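In what follows, a single structure is set out as structure tokens and then discussed.
Since the model is a prediction, treat every value here as computed from it, not as a measurement. All values below were derived from every heavy atom in this structure, side-chain atoms included, with hydrogens, water molecules and symmetry-related copies excluded. Chain letters run A, B, ... following the sequence lines, proteins first, then strands; residues in each count from 1.
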Amino acid sequence: GAVVSQHPSWVICKSGTSVKIECRSLDFQATTMFWYRQFPKQSLMLMATSNEGSKATYEQGVEKDKFLINHASLTLSTLTVTSAHPEDSSFYICSARATSGSTDTQYFGPGTRLTVL
Amino acid sequence: EDQVTQSPEALRLQEGESSSLNCSYTVSGLRGLFWYRQDPGKGPEFLFTLYSAGEEKEKERLKATLTKKESFLHITAPKPEDSATYLCAVQAGGSYIPTFGRGTSLIVHP
């Protein structure tokens with residue numbers, strides 16, 4: 001159980017275009033999902049926390065108008081990188097929060113490699 | 001401020017050479033400590049959650065332990081397929097958002 005999928009797994013786009021990444025919890029409902037960015041050989045950098053039915057909470061330094069997050073259902077959150085530029089190229093990973101009784105665990109998706117030309 | 005420090009940053013082992021990875025933390029009110037494994041180009045894979053000092057959990061060649069200040073991930077007789085980056089994360093206080101360490105990169109040579 002506790003499977004999280006991401007789509008697409010990789011995407012190449014031209015500078016100035018927008019890219020949408022989907023994150024789905026396949027076998028559980030997630031009221032909270034997280035979006036991370038990871039640079040080569042570095043740890044995870046939390047970008048934003050997404051709560052179903054409400055606006056996302058962005059970490060300091062993350063442009064909310066560039067990285068649009070929508071969490072429209074208990075199993076789906078999307079990250080849209082608007083007007084992408086080469087510096088937005090990175091590995092984007094989502095996670096979904098699974099709570100059951102006293103347990104509270106994040107399960108991660110497989111990640112999306114974004115390359116902006 | 002919550003802090004999570006993992007050591008060593010990198011570890012090279014020969015196949016069968018057991019060792020331990022460390023995760024030390026400074027938090028107020030530990031709610032849970034998590035271990036993840038991350039392979040290159042993939043998202044982290046959940047391994048364990050530990051909730052209180054003295055707790056231990058095992059999975060195949062991995063065993064995680066927890067004290068009031070640190071956690072160890074013991075790897076017994078590792079195999080090359082255990083090569084990965086191991087991440088530790090701590091959930092504390094009133095926040096459900098974990099704080100991640102920088103990870104330990106493990107390479108197991110055949």
Side-chain angles (χ1 to χ4, degrees), chain A residues 1-10 21 23-28 30-51 56-60 90-115, chain B residues 1-11 21 23-25 27 29-52 55 57 59 64 66 83-107:
Chain A
V3 179
V4 177
S5 70
Q6 261 182 263
H7 179 80
S9 55
W10 59 270
I21 303 170
C23 177
R24 294 180 184 272
S25 56
L26 298 184
D27 51 2
F28 66 101
T31 55
T32 305
M33 290 185 174
F34 304 88
W35 287 95
Y36 292 84
R37 186 171 179 178
Q38 188 173 38
F39 293 101
K41 297 188 177 181
Q42 294 191 24
S43 192
L44 304 168
M45 183 188 81
L46 180 65
M47 298 175 64
T49 302
S50 164
N51 288 295
T57 302
Y58 291 82
E59 294 299 300
Q60 192 172 10
S90 191
F91 191 52
Y92 292 88
I93 313 173
C94 74
S95 69
R97 181 187 180 202
T99 57
S100 177
S102 61
T103 64
D104 185 347
T105 305
Q106 277 191 51
Y107 294 93
F108 287 84
T112 296
R113 173 75 57 192
L114 171 63
T115 302
Chain B
E1 181 182 335
D2 296 343
Q3 290 197 354
V4 181
T5 304
Q6 291 190 244
S7 62
E9 289 186 13
L11 181 63
L21 313 182
C23 172
S24 63
Y25 59 91
V27 301
L30 178 72
R31 294 175 56 192
L33 185 142
F34 308 89
W35 283 99
Y36 291 87
R37 168 193 170 129
Q38 186 176 23
D39 292 298
K42 296 186 178 181
E45 173 191 348
F46 172 73
L47 293 174
F48 306 108
T49 307
L50 301 168
Y51 294 101
S52 58
E55 189 174 1
K57 288 192 177 175
K59 180 180 180 180
L66 181 65
S83 298
T85 294
Y86 290 85
L87 296 170
C88 168
V90 170
Q91 195 180 56
S95 175
Y96 56 80
I97 301 175
T99 299
F100 278 84
R102 299 173 66 87
T104 293
S105 174
L106 172 66
I107 297 176

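Residues satisfying the salt bridge (Lys or Arg N to Asp or Glu O under 4.0 Å) test with A:Glu59, not counting sequence neighbours, are none. Annotation: side chain to side chain contact (heavy atoms under 4.5 Å, CB included) contacts of B:Lys59 (sequence neighbours excluded): B:Glu45, B:Leu47, B:Phe48. B:Ser24 is linked by a side chain to side chain contact (heavy atoms under 4.5 Å, CB included) to B:Thr5, B:Asn22, B:Glu70, counting only residues two or more places apart in sequence or in another chain.
Residues of residues 40-47 of chain A lying under 4.5 angstrom from chain B, judged on non-hydrogen atoms, are A:Ser43, A:Leu44, A:Leu46 by number.
Residues B:Leu21 and B:Leu11 have side chains in contact (heavy-atom distance under 4.5 Å, counting atoms from C-beta outward). Residues B:Arg31 and B:Tyr96 form a side-chain contact, since some pair of their non-hydrogen atoms from C-beta on lies under 4.5 Å apart.
Proximity to chain A involves both the backbone and the side chain of B:Pro98, based on heavy atoms less than 4.5 angstrom apart.
Taking chain B as the reference chain and counting heavy-atom pairs below 4.5 Å, the highest number among A:Val4, A:Thr105, A:Thr112 is found for A:Thr105. Interface remark: of the candidates B:Pro44, B:Gly41, B:Pro40, B:Pro44 forms the most heavy-atom pairs closer than 4.5 Å to chain A.
Closest of all the heavy-atom pairs between B:Ala84 and B:Gln38 is CB-O, 3.6 Å.
A:Thr99 and A:Asp104 form no side-chain donor-acceptor contact under 3.5 Å, judged by distance and modelled atom types alone.
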